[in-house]
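The chains referred to below are lettered A, B, ... by the order of the sequence lines, with proteins before strands, and numbering in each begins at 1.
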Amino acid sequence: QKEVEQDPGPLSVPEGAIVSLNCTYSNSAFQYFMWYRQYSRKGPELLMYTYSSGNKEDGRFTAQVDKSSKYISLFIRDSQPSDSATYLCAMSGLTGGFKTIFGAGTRLFVKA
Amino acid sequence: DAGVIQSPRHEVTEMGQEVTLRCKPISGHNSLFWYRQTMMRGLELLIYFNNNVPIDDSGMPEDRFSAKMPNASFSTLKIQPSEPRDSAVYFCASNSERQPQHFGDGTRLSIL
């Protein structure tokens with residue numbers, strides 16, 4: 001079993017839809033949770049960064065962490081064609097020297 | 001602020017040639033990471049440095065791969081001799097302690 005599981009998609013939605021992206025993980029030592037957005041032919045770009053459980057909101061983006069279920073989510077409200085990209089979850093913790101583990105990434109297409 | 005800078009952006013070379021990829025991390029960051037990304041395997045950590053010292057090189061696939069960090073502002077990843085299966089996008093990332101990693105835009109390597 002991988003430490004971090006993420007459905008690769010692709011996920012296709014119409015413009016304006018609410019998008020939900022998710023990851024599950026197995027290592028209870030993870031404390032830092034991140035979402036990266038990667039456009040074609042570009043490097044991953046940090047989108048959201050949260051510590052421990054709870055919600056964090058930034059504009060149209062909301063990150064949720066449920067440590068009891070070992071489940072993290074990224075919600076995108078009012079999705080736009082410019083949100084079309086690959087979204088990678090990532091996490092790190094006290095074990096392994098804070099080594100960051102990345103999910104496989106979910107490809108998202110937002111249709112105009 | 002300048003981000004992580006990688007060069008070259010694209011490299012096409014013949015099998016057996018030496019390839020050198022370069023990275024300049026964000027100023028003030030004390031950790032540097034080299035990743036390889038392919039469709040099949042996703043983002044794989046090859047090696048990371050902390051304060052210019054290699055900490056974990058368990059992801060380096062073979063002895064053909066080597067990495068150096070002679071100072072805080074420069075690192076190289078070298079492949080000698082190169083093989084077609086080394087074709088991938090190579091990313092460099094940097095961070096300061098317990099902070100998220102920031103990525104460069106990668107080097108797209110094609111070995112013919």
Side-chain angles (χ1 to χ4, degrees), chain A residues 1-10 21 23-25 27 29-52 56 58 61 63 65 72 74 85-108, chain B residues 1-11 21-26 29-51 53-59 88-110:
Chain A
Q1 182 190 7
K2 292 182 181 178
E3 278 192 284
V4 177
E5 298 278 0
Q6 183 176 13
D7 187 337
L21 304 169
C23 287
T24 58
Y25 62 95
N27 189 343
F30 288 141
Q31 294 182 305
Y32 301 89
F33 302 91
M34 293 141 281
W35 286 95
Y36 286 82
R37 177 176 62 194
Q38 185 175 19
Y39 290 116
S40 179
R41 298 183 177 270
K42 300 286 280 184
E45 168 197 13
L46 181 67
L47 201 56
M48 300 287 277
Y49 174 54
T50 55
Y51 171 72
S52 195
K56 183 173 183 178
D58 184 0
F61 298 89
V65 175
I72 68 171
L74 178 70
T86 296
Y87 291 80
L88 298 99
C89 63
M91 46 200 79
S92 66
L94 285 168
T95 60
F98 288 95
K99 187 174 176 178
T100 301
I101 308 298
F102 287 84
T106 299
R107 293 189 70 190
L108 172 67
Chain B
D1 268 346
V4 175
I5 299 172
Q6 292 186 245
S7 64
R9 289 298 312 278
H10 304 273
E11 175 86 14
L21 311 181
R22 296 172 176 80
C23 176
K24 177 178 169 56
I26 292 173
H29 284 185
N30 62 345
S31 293
L32 182 142
F33 306 79
W34 282 102
Y35 290 89
R36 178 171 66 179
Q37 187 177 45
T38 60
M39 289 290 291
M40 290 294 291
R41 302 170 72 96
L43 200 60
E44 299 176 276
L45 177 65
L46 300 177
I47 185 171
Y48 82 92
F49 296 84
N50 185 255
N51 294 323
V53 176
I55 302 299
D56 183 353
D57 66 354
S58 59
V89 183
Y90 290 80
F91 287 105
C92 176
S94 69
N95 71 349
S96 36
E97 192 171 338
R98 302 190 190 186
Q99 294 300 307
Q101 295 174 28
H102 293 265
F103 285 77
D105 278 337
T107 295
R108 187 169 295 270
L109 178 63
S110 296

Checking A:Thr106 against A:Gln6: is there a side-chain donor and acceptor pair closer than 3.5 Å?
yes
Measure B:Arg41 against the heavy atoms of chain A and call it side chain, backbone, both or neither at under 4.5 Å.
neither
Flag for B:Ser96-B:Asn30: side-chain donor and acceptor within less than 3.5 Å:
no
Honestly, the part of B:Gln99 sitting under 4.5 Å from a heavy atom of chain A is both
For the rings on B:Tyr48 and B:Phe33, is their centre-to-centre separation under 6.0 Å?
yes
Would you list the atom pairs, donor with acceptor, under 3.5 Å between side chains in residues 102-110 of chain B and any protein atom, with sequence neighbours excluded?
from: B:Asp105; atom 1: OD1; to: A:Gly43; atom 2: N; distance (Å): 3.1
from: B:Asp105; atom 1: OD2; to: A:Lys42; atom 2: NZ; distance (Å): 3.1
from: B:Thr107; atom 1: OG1; to: B:Pro8; atom 2: O; distance (Å): 2.5

For A:Tyr51, is it the side chain, the backbone, both, or neither that has a heavy atom closer than 4.5 Å to a heavy atom of chain B?
neither
Below 4.5 Å from any heavy atom of chain B, which atoms of A:Glu45 appear? Answer side chain, backbone, both or neither.
neither
Pairwise distance CD(B:Gln101) to CG(A:Leu46) - rounded to 0.5 angstrom:
10.0 Å
Does any backbone or side-chain atom of B:Ile55 lie under 4.5 Å from a heavy atom of chain A? Answer side chain, backbone, both or neither.
neither
Part of B:Asp56 lying under 4.5 Å from any heavy atom of chain A
side chain
